[in-house]
Every structure is written in C-alpha cells, then in structure tokens.
Colleague: 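Structure provided below as structure tokens; questions to follow.
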Amino acid sequence: MKHHESAGAFAGLDHGAAFRQGLRDGVPIGLGYFAVSFSLGICARGAGLSALQGFVASLLTSASAGEYAVFTSIAAQATYWEIAIITLVANARYLLMSCALSQRFAPDMPFVHRLLIGTAVTDEIFGVSIARPAPLDPYYTYGVILTSVIPWAAGTSCGIVLGNLLPARIVSALSVALYGMFLAIIIPPARKSRIIAALVLLGFGASWAAGRLPVVSGWSSGTRTIVLTVALSLGAAILFPVRDLPDPDASEGGEVQP
C-alpha cells in the first residue's frame, strides 16, 4: 500500500472550504446528538449534576455510553479511579477509530491537529471524516465537531433542566436524524462497491447476533464493537486487499477500489 508522500500536502489544502463543508455535514449529526444527549441529561440530573456541570461533562467527553457510565457511577458515589477505568473501557473503541483516522491525514500535518481531533472522535464524526478523500483536511473535522459536539453538550443541559417535562415519544422522535445520517454515510460507498455492501450487511448481521449470543451478549457494547470491527476489517484486508492508493496529484478526490 502506497501512502501520500507529496511534499507540502497539508499546506496545499483549502482549509476554509473544508471547514465550511464540515459545518454543513455536522448539522444532521448535531440534531441527532441533541436528542440523544437530551435523554442523557435526565440521567445526569439524577446524579445531581447542574446544567453547567452537564454541559462541561458532555463537551469534554462526547460519548453516550461513556457518559452514561460516568453519570451512573457518580450517582453510585464511585471513586475517581473507578470512574476513570469505567470510562476507559466504555470508550476503548475510539482508540481504533483514531488510529484509522490518523492514516488519512497528510504526512506533514502538525501533531497538534492530531491531538485536538483525537479528543473529539465519535462514531459519527469518524464516519463522515473517514469517508472524505485523502489527505483529510483537519479543518473539515473541526467544522463537523463544532456543529455536532456543541449541540451534544447543549442537549445534556436542556435534559437536566427540561427533560422530565417532555413526553418520551418526542425525545425519541428527534433521534431519527441520527439514523438518517448513518444511512447517508454507508449507502453511497455500498452502491459503488459490492464488497463494501456485503461487509455492511455482514456487519449488521454480526452485530445483531453478537447481542444475542450467550457469552458475547454479556460484553459491553463498546467491547463488542471493537471485536467485530477488528474481525471484519482483518477479514476484508486479507480477502480483498487494497492494491494501491490514487496519487493526489494525478486525480482529485479519486476513490479507492479493491
């Protein structure tokens, strides 16, 4: 596999255009995040957090399973070490996502951008970012983060203040935008490649089965995601290796075909 090695690749990117595109792509994610974190805010309220504390917690964590584990641990009066370990386990899958995303950046990109993006990697932000042609402009991901993480934190605060006043059906209905965003990520590449389409269907089936098998169903959702991601990715890499990556100087936005 050949990586992009053109000199000054990062400096040659149009950061302004990438940032604006990221802002637009982050809107549907933000709508879904607001609905999900609104429900999470009710849990935070039960743990005794104020609206400001909930906002800061969501802004710095940006992980539904991780935050739910933290809020329930706080309610149970767990120690700092226990909360730290629970958060690490619940969010371990983001280590894999960060490693995969780092391969999409230009080799000459300053380390500070990798560090900043690594603090805000979520399933959805990773999905839209990894789908961009390489080299990935970090300012695109910054735009996505801005219009998605802030609604996430705001939703938690609103859930703390108003969560018990709204019917559960309304809160649940708002999360439809998040499912629509997922479909927008997976459908275009699946239509262009039968291999990707088969892997997507296999991933759905494996995830459904893992949630019902005797032993595996007892694992946390994050652990199941890690195991399935590694297994499916390894199988796809062995059976359908990528022969080469397109030269960014020869074609713009070209897609990799197995």
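The figures that follow rest on heavy atoms only: side chains count, while hydrogens, waters and symmetry mates do not.
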Colleague: Minimum heavy-atom separation for Phe19 to Leu146, with atom names?
Modeller: CZ-CD2, 4.0 Å

Colleague: Assign the ring pair His113 / Tyr142 to parallel, tilted or perpendicular, where the plane angle (0 to 90°) is split at 30° and 60°.
Modeller: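 Tilted, since the angle between the ring planes falls between 30° and 60°.
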
Colleague: Is Tyr139 reachable from Ile150 through a run of hydrophobic residues whose side-chain heavy atoms are each under 4.5 Å from the next?
Modeller: yes

Colleague: May I ask whether Leu228 and Val200 are part of the same hydrophobic cluster, defined by side-chain heavy atoms of I, L, V, M, F, W, Y residues being less than 4.5 angstrom apart, directly or through others?
Modeller: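 Leu228 and Val200: separate clusters.
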
Colleague: Can you name the nearest heavy-atom pair linking Ile125 to Ser148, along with the distance?
Modeller: CD1-OG, 3.7 Å

Colleague: Is any side-chain heavy atom of Val121 less than 4.5 Å from a side-chain heavy atom of Ile117?
Modeller: yes

Colleague: Please report the interatomic distance CG(Leu199) to CZ(Arg194), rounded to the nearest 0.5 Å.
Modeller: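 Spacing of CG (Leu199) from CZ (Arg194) equals 13.0 Å.
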
Colleague: Hey, are the side chains of Val144 and Glu124 touching, using non-hydrogen atoms and a 4.5 Å cut-off?
Modeller: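 When only atoms from C-beta onward are counted, Glu124 and Val144 do not touch, as no gap falls below 4.5 Å.
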
Colleague: Please report the C-alpha distance between Tyr33 and Ser62 in whole Å, then the side-chain angles of each, then the deciding distance to 0.1 Å, and finally whether the side chain to side chain contact (heavy atoms under 4.5 Å, CB included) criterion is met.
Modeller: CA-CA 9 Å; Tyr33 275 6; Ser62 301; over 6 Å; no

Colleague: For residues Thr122 and Phe126, determine if any side-chain heavy atom of one lies less than 4.5 Å from a side-chain heavy atom of the other.
Modeller: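 No - every pair of side-chain heavy atoms lies 4.5 Å or more apart.
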
Colleague: Answer yes if Leu201 and Leu232 sit in the same cluster of Ile, Leu, Val, Met, Phe, Trp and Tyr residues linked by side chain heavy atoms under 4.5 Å apart, and no otherwise.
Modeller: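 No.
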
Colleague: Could you walk me through whether Asp25 and Tyr140 satisfy the side chain to side chain contact (heavy atoms under 4.5 Å, CB included) test, starting with their C-alpha distance in whole Å, then the side-chain angles of each, then the deciding distance to 0.1 Å, before giving a yes or no?
Modeller: CA-CA 9 Å; Asp25 292 349; Tyr140 169 82; 2.6 Å; yes

Colleague: Test the Arg114-Phe105 pair against the cation-pi criterion, namely NZ or CZ under 6.0 angstrom from the six-membered ring centroid and within 45° of the ring axis.
Modeller: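 Judged by the rule (NZ or CZ under 6.0 Å from the ring centre, within 45° of its axis), Arg114 is not positioned above Phe105.
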
Colleague: Would you say CZ of Arg191 has more than 12 non-hydrogen atoms from neighbouring residues, nucleotides or ligands within 6.0 angstrom?
Modeller: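 Not more than 12 within 6.0 Å, no.
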
Colleague: What is the minimum heavy-atom distance between Ser157 and Ala51, and which atoms define it?
Modeller: OG-O, 2.8 Å

Colleague: We want to know whether Glu67 and Ser58 form a side-chain donor-acceptor pair, criterion being a heavy-atom distance below 3.5 angstrom.
Modeller: yes

Colleague: Linking I/L/V/M/F/W/Y whenever any side-chain heavy atoms sit under 4.5 Å apart, do Val227 and Leu95 land together?
Modeller: no

Colleague: For Met97 and Asp123, run side chain to side chain contact (heavy atoms under 4.5 Å, CB included): C-alpha distance rounded to whole Å, both residues' side-chain angles, the deciding distance at 0.1 Å, then the answer.
Modeller: CA-CA 8 Å; Met97 296 182 188; Asp123 302 86; 3.1 Å; yes

Colleague: With no hydrogens and no angle check, is any side-chain donor or acceptor of Arg104 less than 3.5 Å from a backbone partner on Ala100?
Modeller: no

Colleague: Is there a side-chain contact between Pro138 and Met109 in this structure, where contact means two heavy atoms from C-beta onward sitting under 4.5 Å apart?
Modeller: yes

Colleague: Checking the side chain of Ser102 only, and the main-chain atoms of Cys99 only, is there a donor and an acceptor separated by less than 3.5 Å?
Modeller: yes

Colleague: Does some side-chain heavy atom of Thr156 sit less than 4.5 Å from a side-chain heavy atom of Phe55?
Modeller: no

Colleague: For Ser37 and Pro151, which heavy atoms make the closest approach, and how far apart are they?
Modeller: OG-O, 3.9 Å

Colleague: Any non-hydrogen side-chain atom of Val70 less than 4.5 Å from a side-chain atom of Thr61?
Modeller: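 Counting from C-beta outward, Val70 and Thr61 never come under 4.5 Å.
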
Colleague: Consider only side-chain heavy atoms of I, L, V, M, F, W and Y, link residues closer than 4.5 Å, and tell whether Leu136 and Val112 are in one cluster.
Modeller: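 Same hydrophobic cluster.
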
Colleague: How far apart are the closest heavy atoms of Ile160 and Ser50, and which atoms are they?
Modeller: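 Distance-wise, the nearest heavy atoms are CD1-O, 3.3 Å.
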
Colleague: Restricting to non-hydrogen atoms, name the atom on Leu116 and the atom on Thr119 that form the minimum distance, rounded to 0.1 Å.
Modeller: O-OG1, 2.5 Å

Colleague: Find the distance between CD1 (Ile145) and CG (Leu23) and round it off to the nearest 0.5 Å.
Modeller: 11.0 Å

